2 protein chains.
Amino acid sequence: MSNDLFSISDIERESGIRCDTLRVWERRYGFPTPSRNERGERVYPREQLLRLRLIKQLQDRGMQPGKLVSLEYQQLQRLTSRPDNSALASADVEMLLDMLSSGLGYGLSNKLEALLSLYGLRIFLADVVAPMNHAVGKAWFEGKIGILDEHLYAETIRNVLTVALGGLPQGVKNPRVLLTTLPGEQHGIGLLMVACMLRLEGAGVVMAGVQTPLEEIVRGAIECGSGIVGISCSEYMGRRTIASQLVKLRALLPEDVALWAGGSGVRTLAFLKDNVRLFNDLDQIQPAVQAARNVN
Amino acid sequence: MSNDLFSISDIERESGIRCDTLRVWERRYGFPTPSRNERGERVYPREQLLRLRLIKQLQDRGMQPGKLVSLEYQQLQRLTSRPDNSALASADVEMLLDMLSSGLGYGLSNKLEALLSLYGLRIFLADVVAPMNHAVGKAWFEGKIGILDEHLYAETIRNVLTVALGGLPQGVKNPRVLLTTLPGEQHGIGLLMVACMLRLEGAGVVMAGVQTPLEEIVRGAIECGSGIVGISCSEYMGRRTIASQLVKLRALLPEDVALWAGGSGVRTLAFLKDNVRLFNDLDQIQPAVQAARNVN
DNA sequence: TTTAAATATTGTCTAGGACAAATATGAGTA
DNA sequence: TACTCATATTTGTCCTAGACAATATTTAAA
């Protein structure tokens with residue numbers, strides 16, 4: 001059933017590495033090493049797709065592809081496993097992850113709602129959702145769960161958070177924040193988490209979905225009268241892309257509009273700190289909002 | 001401010017036409033006609049981007065690019081404007097659209113909630129949301145509103161429907177339906193609408209988000225014990241792509257799992273009717289669900 | 001009017017070269 | 001040790017122009 005041979009465009013779609021780049025890697029580094037079909041076109045085995053996926057992930061964390069292609073799959077895998085410091089609510093997280101992989105998420109929703117009303121929104125976000133996101137991403141990356149499971153998880157979290165957000169009282173709506181992700185960034189969960197935190201502080205939140213072109217972000221900030229533009233960056237997007245887009249966006253935005261960026265994608269981008277206010281943690285939002293309010 | 005010059009990769013991203021295709025059109029048809037920068041690279045003016053977007057849309061509706069490139073912008077525009085038969089709740093729709101374009105969607109949420117409780121979910125979906133989707137898509141296509149406005153609209157609808165869906169009682173959960181979109185299809189609103197309709201009929205709904213690879217859809221259907229896989233197709237995806245993916249999916253799915261597809265993307269795909277159950281209208285869902293339940 | 005064959009159109013793939021932007025390395029200085 | 005600057009390497013994207021199969025359209029026959 002499962003088609004184990006991939007064309008170059010299949011590989012582009014599945015690995016996120018562009019055709020041109022795949023060809024030039026082959027030419028320069030001797031990897032990947034696709035065979036050819038009767039038409040002379042490249043045909044990749046699944047094993048190389050998996051290796052390419054690993055390489056892409058490591059590259060996005062700042063390593064050089066030229067030094068990665070010579071490594072075996074297992075060596076690559078060893079490099080990707082990061083120290084896991086989510087010891088906090090790890091029991092809950094472990095249980096929820098089990099729930100997800102067995103039975104495709106049935107009951108997950110109820111359990112999450114129970115945890116939400118037990119802990120309250122703020123702690124739920126920091127100690128349940130954030131570690132869960134990390135754990136789910138890792139499990140997908142290591143092949144323990146499929147994309148479908150990740151989707152089911154994301155849908156469930158989205159539902160829970162959307163309902164929670166709707167239940168929050170509308171505060172003073174100051175400052176006003178326009179929330180979105182950069183073009184190419186699909187993950188909207190972080191956005192919802194930030195929206196919740198901001199609403200808890202009484203900020204006005206305008207959700208603009210994912211993948212908004214930079215020009216449109218600028219227009220939105222101006223038309224909404226937002227003093228702040230908030231960008232959520234997952235770790236799946238490549239630091240280079242993120243950095244260059246954030247710099248461009250900063251240049252396009254009026255000077256009196258602040259640019260905030262957070263999520264695991266900005267962890268290693270400290271050099272942007274003069275251009276962009278970076279957030280490594282949900283807890284940093286509260287003081288930042290209050291500071292912003294005092295300025296106005 | 002707005003950068004009016006585009007590189008070929010900008011055009012690829014903004015128009016959805018691949019680099020290779022852009023070059024080959026230029027070679028064959030003499031359009032587009034980019035100038036070159038000091039490095040000899042193609043540089044496109046905004047005007048050509050707009051024309052390319054129109055061409056892409058028309059092509060996705062089944063026309064040949066070779067016959068479109070020679071047309072002026074206005075002739076293209078004339079071709080795209082379809083008869084608008086949404087006379088039903090047109091007053092409401094008109095008002096909501098105004099609301100969206102002025103003031104970036106403030107208050108839209110309240111108005112939609114009011115309409116929902118006035119009409120009830122079923123009529124709200126058919127006579128408010130569906131025409132609104134159409135009107136918003138059209139307005140974006142004609143340049144009357146920006147992508148950002150479309151995003152704000154989608155977020156608002158998503159919130160309203162998510163809350164409405166959460167409020168529906170869990171029915172008998174028969175039949176069980178796995179809902180998702182094909183790889184490449186980003187629009188998830190249709191999915192939510194269908195989910196609402198299915199829940200109203202007492203079906204069990206598993207939402208699997210957007211852009212699920214075909215293999216994963218199959219795995220999900222089997223693991224969830226779904227008797228039905230539901231696919232939502234917007235008009236933005238190209239009929240060819242949709243058709244070939246649906247055929248592939250049908251071949252991969254077990255025979256006893258039904259494949260349902262709906263949305264404006266399947267309007268002109270009647271020739272698939274032997275493989276796939278096609279839906280042109282939300283009202284067709286109710287009888288189909290009841291028929292499916294009787295079979296089991 | 002439907003079916004089949006012939007013709008035209010179209011997107012994706014190929015190769016290998018070029019170059020600027022990004023990153024790493026090494027030398028010199030505080 | 002820490003920082004800055006210049007040099008060297010690495011890397012992704014873009015270029016041209018040709019080939020071919022898959023799809024769509026037209027023409028011919030039943």
Side-chain angles (χ1 to χ4, degrees), chain A residues 5-13 15-32 34-44 52 55-56 58-70 184 238-248 268-272, chain B residues 5-13 15-32 34-44 52 55-56 58-70 184 238-245 247-248 268-269 271-272:
Chain A
L5 295 175
F6 299 86
S7 73
I8 195 168
S9 52
D10 291 336
I11 298 286
E12 172 172 36
R13 178 168 31 80
S15 73
I17 303 168
R18 298 197 48 163
C19 282
D20 271 336
T21 307
L22 286 167
R23 283 194 274 258
V24 94
W25 282 6
E26 185 182 335
R27 204 196 311 164
R28 286 192 187 136
Y29 315 128
F31 182 85
S35 49
R36 302 295 174 124
N37 64 12
E38 68 282 0
R39 245 179 284 159
E41 294 172 358
R42 291 170 174 80
V43 176
Y44 299 80
L52 286 167
I55 291 173
K56 179 67 175 15
L58 289 167
Q59 189 192 190
D60 287 347
R61 291 182 201 166
M63 316 192 109
Q64 290 184 299
K67 290 174 183 164
L68 294 170
V69 289
S70 62
R239 24 174 278 140
R240 221 174 338 192
T241 323
I242 295 174
S244 74
Q245 300 220 68
L246 285 177
V247 170
K248 266 189 203 164
T268 58
L269 299 177
F271 65 94
L272 285 175
Chain B
L5 295 175
F6 299 85
S7 73
I8 196 168
S9 52
D10 292 335
I11 297 286
E12 172 172 36
R13 178 168 30 79
S15 73
I17 303 168
R18 296 198 53 161
C19 283
D20 273 336
T21 307
L22 286 166
R23 292 200 196 97
V24 94
W25 282 7
E26 185 182 335
R27 207 195 309 167
R28 287 194 187 135
Y29 315 128
F31 182 86
S35 49
R36 302 293 175 125
N37 64 11
E38 67 281 0
R39 243 178 285 158
E41 295 171 356
R42 290 170 175 81
V43 176
Y44 300 80
L52 286 167
I55 291 173
K56 180 67 175 15
L58 289 167
Q59 188 192 192
D60 287 346
R61 291 183 201 166
M63 316 192 108
Q64 290 184 299
K67 289 174 184 166
L68 294 169
V69 289
S70 61
R239 23 174 278 141
R240 224 172 339 185
T241 323
I242 295 174
S244 75
Q245 301 218 68
V247 170
K248 265 189 204 162
T268 58
L269 299 177
F271 65 94
L272 285 175

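Since this is a predicted model, take the numbers as computed values, not measurements. Chain A is the first sequence line, chain B the second, and so forth, proteins listed ahead of strands; every chain is numbered from 1. Values reported hereafter were calculated over all heavy atoms of this structure, with side chains retained and with hydrogens, waters and symmetry mates removed.
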K.L.:
What integer distance in Å separates B:L52:CG from C:dG11:P?
P.N.:
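My rounded result for the distance is 12 Å.
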
K.L.:
Taking atom C1' of D:dC15 as reference, at what distance in whole Å does atom CD1 of B:I11 sit?
P.N.:
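In whole Å, D:dC15 C1' and B:I11 CD1 are 17 Å from each other.
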
K.L.:
Expressed as a whole number of angstroms, how long is the span from A:R13:CZ to C:dC13:P?
P.N.:
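Spelled out: CZ on A:R13 to P on C:dC13 is 10 Å.
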
K.L.:
Starting at atom CH2 of B:W25, determine the distance to atom P of C:dT12, rounded to an integer number of angstrom.
P.N.:
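Rounded to the whole Å, the gap is 10 Å.
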
K.L.:
B:Q59 near the nucleic acid: base, sugar-phosphate alone, or nothing, with a heavy-atom cut-off under 4.0 Å?
P.N.:
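Sugar-phosphate, no base atom in range.
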
K.L.:
It should be established whether B:S9 places a side-chain nitrogen or oxygen under 4.0 Å from OP1 or OP2 of nucleotide D:dC14.
P.N.:
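For B:S9, the contact criterion (side-chain N or O under 4.0 Å from OP1 or OP2 of D:dC14) is met.
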
K.L.:
Just the rounded figure in Å: distance from P of D:dC15 to CD of B:E38.
P.N.:
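Spelled out: CD on B:E38 to P on D:dC15 is 13 Å.
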
K.L.:
Establish, with yes or no, whether the OP1 or OP2 oxygen of D:dC15 is under 4.0 angstrom from a side-chain nitrogen or oxygen of B:R42.
P.N.:
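For D:dC15, OP1/OP2 do have a side-chain N/O of B:R42 under 4.0 Å.
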
K.L.:
Between B:K67 and B:V43, who's closer to the 5' end of DNA chain D by nearest nucleotide?
P.N.:
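The answer here is B:V43.
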
K.L.:
With respect to the side chain of B:E41, which nucleotide from C:dT12, C:dC13, D:dC14 is positioned closest?
P.N.:
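Looking only at side-chain atoms, B:E41 lies closest to D:dC14.
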
K.L.:
Taking C-beta and beyond as the side chain, do A:P32 and A:W25 meet within less than 4.5 Å on heavy atoms?
P.N.:
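Counting from C-beta outward, A:P32 and A:W25 do come under 4.5 Å.
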
K.L.:
Determine the contact category for A:R23: base if any of its heavy atoms lies under 4.0 Å from a base atom, sugar-phosphate if only primed atoms, P, OP1 or OP2 are that close, otherwise nothing.
P.N.:
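The answer is base, as A:R23 lies within the cut-off (heavy atoms under 4.0 Å) of a base atom.
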
K.L.:
Take the protein atom CZ of A:F31 and the nucleotide atom C1' of D:dT11, then report the distance between them rounded to whole Å.
P.N.:
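Computing the A:F31:CZ to D:dT11:C1' distance gives 17 Å.
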
K.L.:
Show the distances under 3.5 angstrom between N or O atoms of the protein and N or O atoms of nucleotides 5-9 of chain C.
P.N.:
{"unit_1": "C:dT9", "atom_1": "O3'", "unit_2": "B:Q64", "atom_2": "NE2", "d": "3.4"}

K.L.:
Given D:dT13, D:dC14, C:dT12, which nucleotide is nearest the side-chain atoms of B:R18?
P.N.:
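When the side chain of B:R18 is considered, C:dT12 is the closest of D:dT13, D:dC14, C:dT12.
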
K.L.:
Mind calculating the distance between NZ (A:K56) and C1' (D:dT11) to the nearest angstrom?
P.N.:
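Rounded to whole Å, this separation is 14 Å.
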
K.L.:
Between A:P34 and A:E26, is any pair of side-chain heavy atoms under 4.5 Å apart?
P.N.:
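They are in side-chain contact.
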
K.L.:
Mind listing the closest non-hydrogen atom pair of A:L22 and A:E12 along with its distance?
P.N.:
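It is CD1-N, 4.2 Å.
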
K.L.:
Produce the list of close N/O pairs, under 3.5 Å, pairing protein atoms with atoms of nucleotides 18-20 of chain C; give distances to one decimal.
P.N.:
none

K.L.:
To the nearest 0.5 Å, how far apart are CG in A:L52 and CD1 in A:I11?
P.N.:
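Nearest 0.5 Å value for the CG-CD1 distance: 6.0 Å.
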
K.L.:
Measuring from atom SG of A:C19 to atom CZ of B:R18, what distance do you get when rounded to the nearest 0.5 angstrom?
P.N.:
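Reported value, rounded in 0.5 Å steps: 5.0 Å.
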
K.L.:
From CE of B:M63 over to C1' of D:dT25, roughly how many Å is that when rounded to an integer?
P.N.:
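It works out to 14 Å between those atoms.
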
K.L.:
Do B:R28 and B:P65 have side chains that approach each other closer than 4.5 Å (heavy atoms only, starting at C-beta)?
P.N.:
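When only atoms from C-beta onward are counted, B:P65 and B:R28 do not touch, as no gap falls below 4.5 Å.
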
K.L.:
Out of curiosity, A:Q59 CD to A:K67 NZ, how far, rounded to the nearest 0.5 Å?
P.N.:
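The NZ atom of A:K67 is 13.0 Å from CD of A:Q59, to the nearest 0.5 Å.
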
K.L.:
Please name the pair of heavy atoms, one in A:V43 and one in A:R36, separated by the smallest distance, quoted to 0.1 Å.
P.N.:
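Smallest interatomic distance, heavy atoms only, reads CG2-C, 4.3 Å.
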
K.L.:
Using every non-hydrogen atom in the two residues, find where B:L68 and B:I55 come nearest and quote the distance to one decimal.
P.N.:
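That closest heavy-atom pairing would be CD1-O, 3.9 Å.
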
K.L.:
Identify the two heavy atoms, one from A:S15 and one from A:K56, that lie closest to each other, and give their separation to 0.1 Å.
P.N.:
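What the structure gives for the nearest pair is O-CG, 3.7 Å.
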
K.L.:
So, is A:S7 close to the C:dT12 phosphate, meaning a side-chain N or O under 4.0 Å from OP1 or OP2?
P.N.:
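Answer no for this pair, as no side-chain N or O of A:S7 is under 4.0 Å from OP1 or OP2.
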
